[in-house]
Amino acid sequence: MSTVSKLSVAAKRLVLGRPFRSDTLGHTLLPKRIALPVFASDAMSSVAYAPQEIFLVLSVAGLTAYSYTIWIGLAVAVMMAVVVASYRQNVHAYPSGGGDYEVATVNLGPSAGLTVGSALLVDYVLTVAVSISSAAENFGSAIPFVEEHRVLFCVAAIIILTSVNLRGIRESGAAFAIPTYAFIFGMIVMLAWGLIQVYVLGDDVRSETADFGIKAEQGHLVGIAFVFLIARAFSSGCAALTGVEAISNGVPAFRKPKSRNAATTLLLLGSIAVVLLLGMIVLARKIGAKYVEDPAADLTGAPDGYQQKSLVAQLADAVFNGFTPGFYFVTTVTALILVLAANTAFNGFPVLGSVLAQDRYLPRQLHTRGDRLAFSNGILFLAAAAIIFVVAFGAQVTALIQLYIVGVFVSFTLSQIGMVRHWTRHLKTETDPSARSRMYRSRIINSIGLMMTGSVLIIVLITKFLAGAWIAIVAMVSIFVLMRMIHRHYASVQEELDDDDYEIVLPSRTHSVVLVSKLHLPTRRALAYARATRPDVLEAITVNVDDGDTRRLVAEWEDSDVTVPLKVIASPYREITRPVVEYVRRVRRESPRDVITVFIPEYVVGHWWEQILHNQSALRLKGRLLFEPGVMVTSVPWQLTSSDRRKNRDGVYPAPGDARRGMVPTENLRGPRST
């Protein structure tokens with residue numbers, strides 16, 4: 001093993017840890033207390049930006065529009081309750097981990113399943129981008145340096161999160177449990193103490209923006225235009241629902257009983273998210289908090305150079321007025337939970353990618369687990385895609401959130417349609433009265449979920465399409481088409497390889513060609529090995545790149561004891577690969593039923609820098625010859641002294657008979673030292 005290889009392995013072990021055996025997969029399954037922060041952190045943390053987006057959208061119409069925040073919050077809370085109840089039916093009916101994709105595929109067909117799959121893949125990427133960008137905004141409220149370098153902070157956070165997830169789902173869950181529970185604790189304490197001050201103690205708790213006015217951009221909105229604004233604020237608030245579907249995709253990661261534990265985690269998720277969402281909106285209204293898109297232009301009465309804090313930071317600053325540790329604790333854990341909220345996508349995306357790859361809609365590499373039994377390739381792909389979105393949109397939450405939630409509501413709606421058909425199909429064959437009663441109840445729940453998620457999807461498409469949602473839709477369509485093409489490729493390959501009508505015809509003769517650059521030990525070994533295969537025709541060829549070298553080689557060949565004829569191939573442009581390929585093709589044309597075997601002598605070196613100096617032409621030549629029909633390529637390795645020393649240093653010794661077969665020079669043979 002070369003020095004570079006050892007360093008890379010050491011770095012990999014430092015980042016990931018020691019690899020896990022496949023039979024230890026059961027030990028990585030999650031109890032509910034760890035599953036909650038792993039799968040539910042996205043939905044819980046959305047309270048950090050979903051209420052903020054409601055306030056931001058309504059600010060367009062001025063302060064009077066803020067009176068609708070409570071009603072919009074209640075509508076979002078009802079949506080959350082309905083979706084959680086609907087997905088509790090999903091995890092019981094489909095516990096295999098396919099989630100919405102499996103539900104849609106089984107009940108609506110492959111096209112619907114692919115639509116859901118493409119929508120969720122895009123939504124998971126945006127979950128990472130939005131969560132990390134919102135974390136940067138919250139950190140920036142307390143630390144101006146982060147605000148000034150927001151994009152760099154986001155990229156670094158994604159890289160760190162990726163490294164943690166590559167260590168395995170259980171380790172990442174344990175690492176994220178403390179910040180997640182700290183966030184829940186901090187938010188509940190802040191909201192409870194704030195509401196107690198306002199409603200019980202009667203204190204005058206005021207936000208730093210309470211005395212500012214809002215310069216309404218469209219304060220004259222009435223009728224349909226105002227309804228459109230309310231609908232847009234509602235659709236932005238529905239960002240709080242993202243992450244619910246991740247639990248249905250991650251059921252296999254739960255401990256047994258998997259479905260029951262997943263359903264319980266869903267219930268906990270919904271309850272906590274609703275409490276935090278409504279608590280934030282109520283408290284923000286009571287203390288006069290405001291949030292606008294451009295503070296310099298939209299806020300009146302603000303001092304010059306005023307830097308707007310996030311809504312959470314405004315609440316914490318007002319509630320913990322005079323108690324700085326409380327403010328920094330809430331803003332810090334909020335930023336942390338927003339970073340960790342992306343972990344929901346880091347667990348959902350790789351699992352969904354694995355399921356799609358198993359069904360041959362994505363590259364098979366996404367189906368394999370890494371050293372730590374995590375789907376490493378899916379994690380890396382998600383990280384790269386999220387970084388692209390963060391950089392492209394400058395880590396601006398307001399810009400990214402317009403692309404957000406379209407995909408998740410597409411999957412919500414199709415999933416509920418699929419579940420309604422699922423229960424209808426089973427009711428036709430079920431005869432047990434108690435089972436039928438449960439199915440009827442489940443169908444009613446999923447039907448209500450269908451009506452509400454479908455309505456929200458329409459609202460989201462209408463209100464967000466021109467604002468940026470079209471980008472997410474284009475991405476979904478592109479992924480859908482790409483997955484269909486991948487599936488078609490795999491299907492055609494499988495059909496070709498399984499063709500029973502194919503008749504294997506033995507070649508009439510074997511024609512062996514040994515490539516020669518010099519008459520040295522590697523060439524002699526290649527000639528000996530080629531002769532041992534007993535071909536019908538054996539010849540050696542060399543490419544005339546330099547006339548002087550070629551003449552010396554021919555003279556040395558004729559004076560040697562080698563009996564194999566040497567052919568010289570002209571190369572006017574000093575190429576090696578093309579003349580050899582053309583010669584092989586010519587031989588094939590003259591004898592189409594012959595099989596041609598090309599033997600290529602290669603050096604095996606022990607140091608990374610030696611790789612640059614050898615074997616490049618052999619690699620290029622092999623790459624070209626592999627595409628030639630009826631041509632076999634055989635590498636004949638020759639281990640140089642550096643590789644032999646490396647081999648012995650690593651404790652690998654020649655096997656019995658290697659010297660007799662010419663595998664190692666006899667002067668390098670030595671056995672293990674006796675102790």
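Hydrogens, waters and symmetry mates are skipped; everything else that's a heavy atom, side chains included, is used.
Annotation for Ala231 and Ile459: closest pair O-CG2, 3.5 Å, computed over non-hydrogen atoms. Summarising the geometry of Gly449 relative to Val82, their closest heavy-atom pair is CA-CG1, 3.5 Å, with the distance given to 0.1 Å. Smallest separation of non-hydrogen atoms from Tyr87 and Gln416: CE1-NE2, 3.9 Å. When all heavy atoms are compared, the tightest approach of Pro51 to Ile281 is CB-CG1, 3.9 Å. The two atoms that bring Gln52 and Leu311 nearest to each other are OE1-N, 3.0 Å, heavy atoms only. Across all their heavy atoms, Ser133 and Ala129 have their closest contact at OG-O, 2.7 Å.
Taking the six-membered ring where the residue is Trp, Phe389 and Phe393 present parallel rings, their angle staying beneath 30° rather than reaching 60°.
Annotation: side chain of Arg421 is not in contact with side chain of Val106 (no heavy-atom distance under 4.5 Å). The shortest side-chain heavy-atom distance between Leu457 and Phe412 does not fall under the 4.5 Å cut-off. In this structure the side chain of Leu450 never reaches within 4.5 angstrom of the side chain of Met419, judged on heavy atoms. Looking at heavy atoms from C-beta onward, Phe409 lies in side-chain contact with Met79 at the 4.5 angstrom threshold. Taking 4.5 Å as the limit, some side-chain heavy atom of Phe480 sits within range of a side-chain heavy atom of Arg484. In this structure the side chain of Val410 never reaches within 4.5 angstrom of the side chain of Asp123, judged on heavy atoms.
Checking Asn446 against Gln89 by side-chain atom types alone, no donor-acceptor pair falls below 3.5 Å. Side chain to side chain, Gln314 and Thr209 meet the donor-acceptor criterion of an N or O pair below 3.5 Å. A donor atom on one side chain and an acceptor atom on the other are found under 3.5 Å apart for Arg443 and Thr424.
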For this session: Given side chain to side chain contact (heavy atoms under 4.5 Å, CB included), test Val355 with Glu102 step by step and report yes or no.
Result: CA-CA 9 Å; Val355 173; Glu102 182 180 4; over 6 Å; no
For this session: Show your working on side chain to side chain contact (heavy atoms under 4.5 Å, CB included) between Val390 and Ile158 and close with a plain yes or no.
Result: CA-CA 10 Å; Val390 165; Ile158 292 174; 4.1 Å; yes
For this session: Would you check, one step at a time, whether the test side chain to side chain contact (heavy atoms under 4.5 Å, CB included) holds for Asp100 with Leu414?
Result: CA-CA 8 Å; Asp100 293 343; Leu414 289 176; over 6 Å; no
For this session: Start with the C-alpha distance between His422 and Tyr94, add both sets of side-chain angles, then the distance that settles side chain to side chain contact (heavy atoms under 4.5 Å, CB included), and finish with yes or no.
Result: CA-CA 10 Å; His422 167 84; Tyr94 294 92; 2.8 Å; yes
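The side chain to side chain contact (heavy atoms under 4.5 Å, CB included) check on His487 picks up Arg360, Tyr361, with sequence neighbours excluded. A search for ring-ring contact (aromatic ring centres under 6.0 Å, His included) contacts involving Phe465 returns nothing, not counting sequence neighbours. Tyr66 meets the ring-ring contact (aromatic ring centres under 6.0 Å, His included) test with Phe55; sequence neighbours excluded. Residues satisfying the side chain to side chain contact (heavy atoms under 4.5 Å, CB included) criterion with Ala75, sequence neighbours excluded, are Phe234.
A donor-acceptor pair is defined here as one N or O able to donate and one able to accept, closer than 3.5 Å; no such pair exists between the side chain of Arg150 and the backbone of Ala136. Judged by distance alone, with hydrogens and angles left aside, the side-chain atoms of Ser492 form a donor-acceptor pair with the main-chain N or O of Arg488 at under 3.5 Å. Checking side-chain atoms of Ser235 against main-chain N and O of Arg232 turns up a donor-acceptor pair under 3.5 Å. The main-chain N or O of Arg364 is found under 3.5 Å from a side-chain atom of Tyr490 such that the two form a donor-acceptor pair. No side-chain donor-acceptor contact under 3.5 Å links Ser131 to the backbone of Val128. When atom types are taken as modelled, the side chain of Ser134 and the backbone of Val130 share no donor-acceptor pair closer than 3.5 angstrom.
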Show which side-chain atoms of residues 379-388 pair as donor or acceptor with protein atoms under 3.5 Å away, not counting sequence neighbours.
none

Considering only distance and modelled atom types, tabulate donor-acceptor pairs under 3.5 Å from the side chains of residues 114-122, sequence neighbours left out.
from   : atom 1 : to     : atom 2 : distance (Å)
Thr115 : OG1    : Ser111 : O      : 2.8
Ser118 : OG     : Leu114 : O      : 3.0
Ser118 : OG     : Thr115 : O      : 2.9

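From Thr332, atom OG1 reaches atom CD1 of Ile337 across 13.0 Å, with rounding to the nearest 0.5 Å. For the atom pair NE2 (His426) and OG (Ser442), the distance works out to 11.0 Å, reported to the nearest 0.5 Å. Residue Leu278 holds its CG atom at 10.0 Å from CE of Met80, rounded to the nearest 0.5 Å. If you take CE on Met280 and CZ on Arg285, they are separated by 14.0 Å, rounding to the nearest 0.5 Å. Here the OG atom belonging to Ser478 is positioned 11.0 Å from the CE atom belonging to Met483, to the nearest 0.5 angstrom. The structure places CG of Leu269 at 8.5 Å from OG1 of Thr265, a figure rounded to the nearest 0.5 Å.
Under a cut-off of 6.0 angstrom, the local environment of OH in Tyr68 is sparse, with at most 12 non-hydrogen atoms contributed by other residues, nucleotides or ligands.
Screening Asn107, Thr453, Asn90 against Ser415 for a side-chain hydrogen bond (donor to acceptor under 3.5 Å, both in side chains) leaves a single residue, Asn90.
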